[in-house]
Chemist: 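Quick one: the structure is below, questions incoming.
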Amino acid sequence: SGENGTGVILWSWHIWVTDRDINDTVPIQTVAVSGTSQHTYNFMPVPLGWVDQSEDISSRTFTVTLIQQQSNQTSTAMVNQAGQSTSSGTCLYYQWGRKDPFCPSDGTTSDVDKTLYDKSGNTVAFNIESGRVSTGTSIQNPTTYYYSSDSWDWNSTTYYDYWNATNGETTTLNDNEVVKTVYDPNPVGFKMPSPDAFTGFTQDGSNKRISSSSCNVESSTINNGYKFYTQGWKKGPTDFWRANGLLDSGSLGGVGKCGDYWSAGPSSNSTGRNLEFYETYLYPQKINRRDYGFSVRPVTDTEE
């Protein structure tokens, strides 16, 4: 964190270390709906802050003896067989408009926070406080989750341009260019997606509750997430979007059962737009309270 010499935090940074090639992006087509045209957005291959977890099959070493039939001579060799793993993982959660991440789940389908440690090996926990605060207070307290049951926002002042510098008001479903801001949590080369970015996960792109059996998925049965087709209705390869759950008033829920991914678009002075899917339905651009903690799946700075 940055300090001004008096112990007051002025800014903080999150360092994400991953062996994933985040530039190996996934192109996903949208559906043209009212106010938008068809685009292809290049999504980061994993949610922001993704950390793999593996259940390994251990490696092994064994001896192989070969016998030449003609001479009856033998040769012995030691063989090292690498292990195999099946990967799962966890990702961070973000409140709409804030740059700072919040604690992931422990990677199972239960609603349990991941155990975090400080530099001395002691366990730490995020703070949860009821009440709206200023932007400056939120920056000075990056590990505090603020929420308001009455206003649905963490911020005491209404802003519409947190994640899009050119957005000055509430937005409908649109494909306006997103101009990255200092509050955007994504690494260089990536930004928050436009409100229309998830329309291709349905047949007509309209923002309504759609049964999972009518969505652009390989199978309508959720298996910790859905495999969405990426090049039109039931066309092209699929891309897996994990049901990471969400933070509601700072409490984790829905892991393995629901997926919520923010866009850059605000819907009102207390709500933002996001992709939302559950076991039985999907919204391409749901309207949800800004103080919820959702996943982020960013797109590249360039659009097609």
Side-chain angles (χ1 to χ4, degrees), residues 25-44 47 96-97 160-180 184 190-220 222 225-241 243 258-290 292 294-304:
T25 55
V26 180
I28 298 178
Q29 290 183 5
T30 67
V31 172
V33 295
S34 177
T36 74
S37 57
Q38 186 174 6
H39 291 280
T40 296
Y41 291 98
N42 295 307
F43 281 89
M44 186 182 287
W96 193 92
Y160 300 105
D161 59 353
Y162 265 122
W163 283 342
N164 183 359
T166 61
N167 191 82
E169 58 186 13
T170 59
T171 60
T172 57
L173 193 65
N174 68 73
D175 58 3
N176 298 339
E177 182 182 1
V178 172
V179 178
K180 189 173 182 176
D184 186 305
F190 291 90
K191 62 183 179 181
M192 297 298 297
S194 298
D196 78 320
F198 312 110
T199 55
F201 295 158
T202 66
Q203 188 167 16
D204 63 5
S206 58
N207 189 32
K208 59 186 178 182
R209 180 174 174 142
I210 298 171
S211 169
S212 56
S213 61
S214 300
C215 294
N216 199 15
V217 293
E218 185 179 71
S219 171
S220 60
I222 197 168
Y226 286 117
K227 291 182 178 180
F228 291 102
Y229 289 96
T230 60
Q231 296 179 3
W233 182 249
K234 305 294 183 179
K235 294 180 181 179
T238 58
D239 184 51
F240 183 67
W241 287 61
C258 71
D260 285 279
Y261 292 80
W262 282 126
S263 79
S267 177
S268 72
N269 60 2
S270 61
T271 58
R273 293 183 176 276
N274 69 286
L275 166 68
E276 178 174 284
F277 58 82
Y278 272 76
E279 295 172 281
T280 56
Y281 71 87
L282 177 145
Y283 276 95
Q285 205 53 248
K286 183 76 184 297
I287 296 172
N288 267 307
R289 48 194 296 169
R290 296 187 186 190
Y292 279 153
F294 290 163
S295 304
V296 167
R297 186 91 182 264
V299 297
T300 57
D301 283 339
T302 57
E303 300 175 3
E304 299 178 13

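Every heavy atom of this structure was used, including side-chain atoms; hydrogens, water molecules and symmetry mates were not. If you're wondering where the values come from, they're calculated on a predicted model, not measured in any experiment.
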Chemist: Just do the side chain to side chain contact (heavy atoms under 4.5 Å, CB included) check on Y283 and F198 with the steps written out, would you?
Modeler: CA-CA 9 Å; Y283 276 95; F198 312 110; over 6 Å; no

Chemist: Here's a test for you: under side chain to side chain donor-acceptor pair (under 3.5 Å), which of D196, D175, T199 qualifies with H39?
Modeler: D175

Chemist: Using a cut-off of 6.0 Å, state whether more than 12 heavy atoms not belonging to K208 lie near its atom NZ.
Modeler: no

Chemist: Find the distance between OH (Y281) and OG (S212) and round it off to the nearest 0.5 Å.
Modeler: 11.0 Å

Chemist: Roughly how far, to the nearest 0.5 Å, is CD of E218 from CZ of F240?
Modeler: 11.0 Å

Chemist: Quick check on K180: does its NZ atom have over 12 non-hydrogen neighbours (other residues, nucleotides or ligands) under 6.0 Å away?
Modeler: yes

Chemist: Check D184 against F190 and note the closest heavy-atom contact, atom names and distance.
Modeler: OD1-O, 4.4 Å

Chemist: Are Y261 and F43 close enough that some pair of their side-chain heavy atoms sits under 4.5 Å apart?
Modeler: no

Chemist: Under 4.5 Å between any side-chain heavy atoms of C215 and Y226, yes or no?
Modeler: no

Chemist: Is any side-chain heavy atom of D239 closer than 4.5 Å to a side-chain heavy atom of I28?
Modeler: yes

Chemist: Has the side chain of N167 got a donor or acceptor atom that lies under 3.5 Å from a matching backbone atom of E169?
Modeler: yes

Chemist: Tell me which one of L282, T238, T202 satisfies side-chain contact (heavy atoms from CB on, under 4.5 Å) with F228.
Modeler: L282

Chemist: Working to the nearest 0.5 Å, report the span between SG of C258 and CD of E276.
Modeler: 7.0 Å

Chemist: Under 3.5 Å, is there a donor-acceptor pair between the side chain of W233 and the main chain of D204?
Modeler: no

Chemist: Indicate the atoms forming the closest heavy-atom contact of T300 with K191, along with that distance.
Modeler: O-CE, 3.7 Å

Chemist: When the aromatic ring centroids of F201 and W241 are compared, is their separation below 6.0 Å?
Modeler: yes

Chemist: Indicate the atoms forming the closest heavy-atom contact of G225 with F277, along with that distance.
Modeler: CA-CE1, 4.3 Å

Chemist: Pick one: which of V299, N42, T230 meets side-chain contact (heavy atoms from CB on, under 4.5 Å) with P27?
Modeler: N42

Chemist: Taking all heavy atoms of S213 and all of S220, pick out the closest pair and write down the distance.
Modeler: CA-CB, 3.6 Å

Chemist: Under a 4.5 Å cut-off applied to non-hydrogen side-chain atoms, are D260 and Y292 in contact?
Modeler: no

Chemist: Keeping the roles fixed (side chain from N174, backbone from G35), state whether a donor-acceptor pair exists under 3.5 Å.
Modeler: no

Chemist: Between S263, P284, S194, P266, which is the residue that forms a side-chain contact (heavy atoms from CB on, under 4.5 Å) with R273?
Modeler: S263

Chemist: Would the distance check show the side chain of K234 and the main-chain N or O of V217 forming a donor-acceptor pair, the cut-off being under 3.5 Å?
Modeler: yes

Chemist: Between I287 and S267, which heavy-atom pair has the shortest distance, and what is it?
Modeler: CD1-OG, 3.2 Å

Chemist: Apply side chain to side chain contact (heavy atoms under 4.5 Å, CB included) to V33 and L173, showing your working.
Modeler: CA-CA 8 Å; V33 295; L173 193 65; 3.5 Å; yes

Chemist: About how many Å separate CG of N164 and CE of M192, when rounded to the nearest 0.5 Å?
Modeler: 10.5 Å

Chemist: Testing the basics here: between R290 and Y160, what is the closest heavy-atom pair and its distance to 0.1 Å?
Modeler: NH2-CD2, 3.7 Å

Chemist: Have T271 and S268 got a donor and an acceptor in their side chains that come within less than 3.5 Å?
Modeler: yes

Chemist: Is there a donor-acceptor pair under 3.5 Å between the side chain of Q285 and the backbone N or O of P195?
Modeler: yes

